[in-house]
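The structure that follows is given in the form of structure tokens.
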2 protein chains.
Amino acid sequence: MINQKNIKKKGRPKTIDLEKIKNVAMSTYWSDGPTNVSLNEICNKAKISKPGFYREFGGEDGLMKSVLLLYKNSLIQQILNILQLEKTFDETLDLLISYVIGNRDKEHIKNGCLLAKFRQSRSKFGKKTQEQIDIILKERHLVFELWIKKVKSKGEFSCSLSSKVVANYIISQLDYAVSGLANGEKNSNIKNILTLALSVLRT
Amino acid sequence: MINQKNIKKKGRPKTIDLEKIKNVAMSTYWSDGPTNVSLNEICNKAKISKPGFYREFGGEDGLMKSVLLLYKNSLIQQILNILQLEKTFDETLDLLISYVIGNRDKEHIKNGCLLAKFRQSRSKFGKKTQEQIDIILKERHLVFELWIKKVKSKGEFSCSLSSKVVANYIISQLDYAVSGLANGEKNSNIKNILTLALSVLRT
DNA sequence: AGATTATAGTACCAATCAGTATCTTATTAT
DNA sequence: ATAATAAGATACTGATTGGTACTATAATCT
């Protein structure tokens with residue numbers, strides 16, 4: 001049962017470009033907000049027919065779940081990768097700050113975090129979308145928590161607070177910095193706030 | 001030219017209840033998000049006709065500006081009043097924390113800050129609404145900044161950072177706490193984060 | 001009483017929405 | 001060749017949107 005793509009299947013061959021649809025949907029949800037985008041708009045932009053869309057995704061819920069997975073694998077993973085570089089605790093904090101403040105393209109900066117936008121309107125979405133939001137949030141928290149535990153065991157960081165709380169604190173501050181930039185706050189202001197907030201964790 | 005209400009005016013007397021419309025609009029924008037509410041919905045809930053609404057408010061832009069003013073006078077003012085109590089710096093921080101974490105009714109907690117919601121979608125609104133968002137943000141910042149300057153001059157707080165930056169920091173942390181609660185984060189988590197973040201300012 | 005004025009509200013408009021019935025087209029199976 | 005299968009795409013449905021023409025109503029003014 002090898003999942004071969006050239007296997008001969010009955011019926012008219014598929015020409016629909018799923019990746020294109022997901023990319024169009026992601027960028028539109030990102031710039032306009034997930035609650036402010038219609039399926040008609042996405043279908044028009046992606047140049048597909050609505051019945052085709054419904055065949056592939058079932059509806060908005062399926063599309064949003066797919067978009068969240070795409071966002072996690074392409075964007076959120078970049079933050080998580082910083083934690084795997086085996087730098088010291090303080091160096092890692094610096095890397096996180098500079099990634100959030102300046103290392104992303106302007107479009108991303110002014111759009112903020114797509115996951116945060118989904119989270120803010122969580123109750124408005126379908127079941128699969130809500131579940132996917134929760135899964136990604138949990139995953140992100142877990143990776144941060146494991147990283148904190150590791151730097152604690154290495155002796156690079158000691159704190160009376162639990163790793164859970166510290167992970168939550170760092171994620172919150174990074175999230176806030178991203179949304180502050182998206183709200184038009186000056187780069188330097190956000191950098192000051194983020195640096196000050198994370199300074200309580202440094203030795 | 002006394003602004004007498006019983007002055008006899010020509011034409012059919014007004015029966016429309018402007019306060020009711022503003023209150024209906026505010027609570028609906030608050031719970032559903034300002035970009036997810038239609039004028040039809042507001043008119044139906046407030047039991048007024050659409051032509052009547054357009055006569056009074058001109059359109060969505062005018063209504064939103066009125067709602068923002070109402071929100072500022074009824075809710076944002078409560079936070080600002082805490083700064084006028086002439087308590088010490090540390091006591092005032094404690095009061096701010098407990099106001100945000102626990103002293104508001106459950107509906108408000110789960111809805112977050114209406115001003116923050118407007119701010120997040122600022123570019124989607126009309127000119128008057130955008131201007132009003134900016135005015136309220138500026139006012140809020142100014143009140144915090146003046147308070148910081150006062151406690152600095154009293155010698156209750158000293159810090160190498162400018163009053164502007166400190167004011168911005170405190171507002172940001174309070175904003176984040178409110179939105180964290182609205183996102184369903186546990187009360188105790190948010191209290192930990194906020195307390196930790198503000199601890200850098202304490203002596 | 002009749003003219004004037006201003007508000008209330010019905011009922012409409014074109015545009016857009018989510019979702020689908022239906023028909024066409026392109027391929028494989030027999 | 002013909003049947004079976006599956007995808008593409010037009011074109012529709014009923015509901016809702018922002019916005020308004022128009023009419024009915026209730027008051028004052030002359």
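This one's a predicted model, so the numbers in the text were calculated from it and none came from an experiment. Lettering of chains follows the sequences in order, A, B, ..., and the numbering in each one begins at 1.
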From CZ of A:F53 across to P of C:dA18 the rounded distance in Å is 9 Å
Beyond-backbone contact of B:N192 with B:L196, side-chain heavy atoms, under 4.5 angstrom
no
Of D:dA7, C:dG9, D:dT17, the nucleotide closest to the side chain of B:N40 is D:dT17
Per atom distances to the B:K14 side chain, the nearest of C:dT25, D:dT20, C:dA8 is C:dA8
**Asked** Checking all strands, does B:P51 fall into the base, sugar-phosphate, or nothing category for heavy-atom contacts under 4.0 angstrom?
**Response** base
**Asked** Do B:L68 and B:M26 have side chains that get closer than 4.5 Å, going by heavy atoms?
**Response** no
Checking C:dT5, C:dT27, D:dT20 against the side chain of B:Y54 (C-beta onward), the nearest is D:dT20
From CD of A:E56 across to P of C:dG19 the rounded distance in Å is 17 Å
- Establish whether the base of C:dA8 is bridged to the side chain of B:R55 by a donor-acceptor pair shorter than 3.5 Å. yes
With a 4.0 Å cutoff (strictly under), does any side-chain N or O of B:T15 reach OP1 or OP2 of C:dA8? yes
Atom NZ of A:K45 and atom P of C:dC17 are separated, to the nearest Å, by 11 Å
Identify whether any heavy atom of A:I16 sits under 4.0 Å from a base atom; if not, whether one sits that close to sugar-phosphate; answer base, sugar-phosphate or nothing. sugar-phosphate
Between B:E41 and A:I48, whichever has its closest DNA chain D nucleotide further toward 5' is A:I48
Q.
Using OP1 and OP2 only, check whether a side-chain N or O of B:S38 sits under 4.0 Å from D:dT16.
A. no
* Asked: Would you call B:E156 and B:K150 a salt bridge, using N to O less than 4.0 angstrom?
  -> no
Assert: residue with more 5' nearest nucleotide on DNA chain C, out of B:K47 and B:G11, is B:G11
To the nearest angstrom, the NZ-C1' distance between B:K10 and D:dA27 comes to 11 Å
Side-chain contact check for B:L39: nearest option of D:dG18, D:dT20, C:dA18 is D:dG18
With the side chain defined as heavy atoms from C-beta on, B:R12 is closest, among C:dA26, C:dA6, D:dG18, to C:dA6
Per atom distances to the A:S49 side chain, the nearest of C:dT20, D:dA9, C:dA29 is D:dA9
From CZ of A:F57 across to C1' of D:dA7 the rounded distance in Å is 15 Å
Check your understanding: When you check the gap from the basic side-chain N to the acidic O, do B:K138 and B:E131 get nearer than 4.0 Å?
Key -> no
note: B:N36, atom CG; C:dA18, atom P; distance rounded to Å ~ 13 Å
What verdict does the salt bridge (charged side-chain N to carboxylate O under 4.0 Å, His left out) test give for B:K117 and B:D32, after you've listed the backbone C-alpha separation in whole Å, the side-chain angles of each residue and the deciding distance to 0.1 Å?
CA-CA 10 Å; B:K117 290 176 190 233; B:D32 295 356; over 6 Å; no
Separation of D:dG19 atom P from B:L63 atom CG, nearest Å, is 12 Å
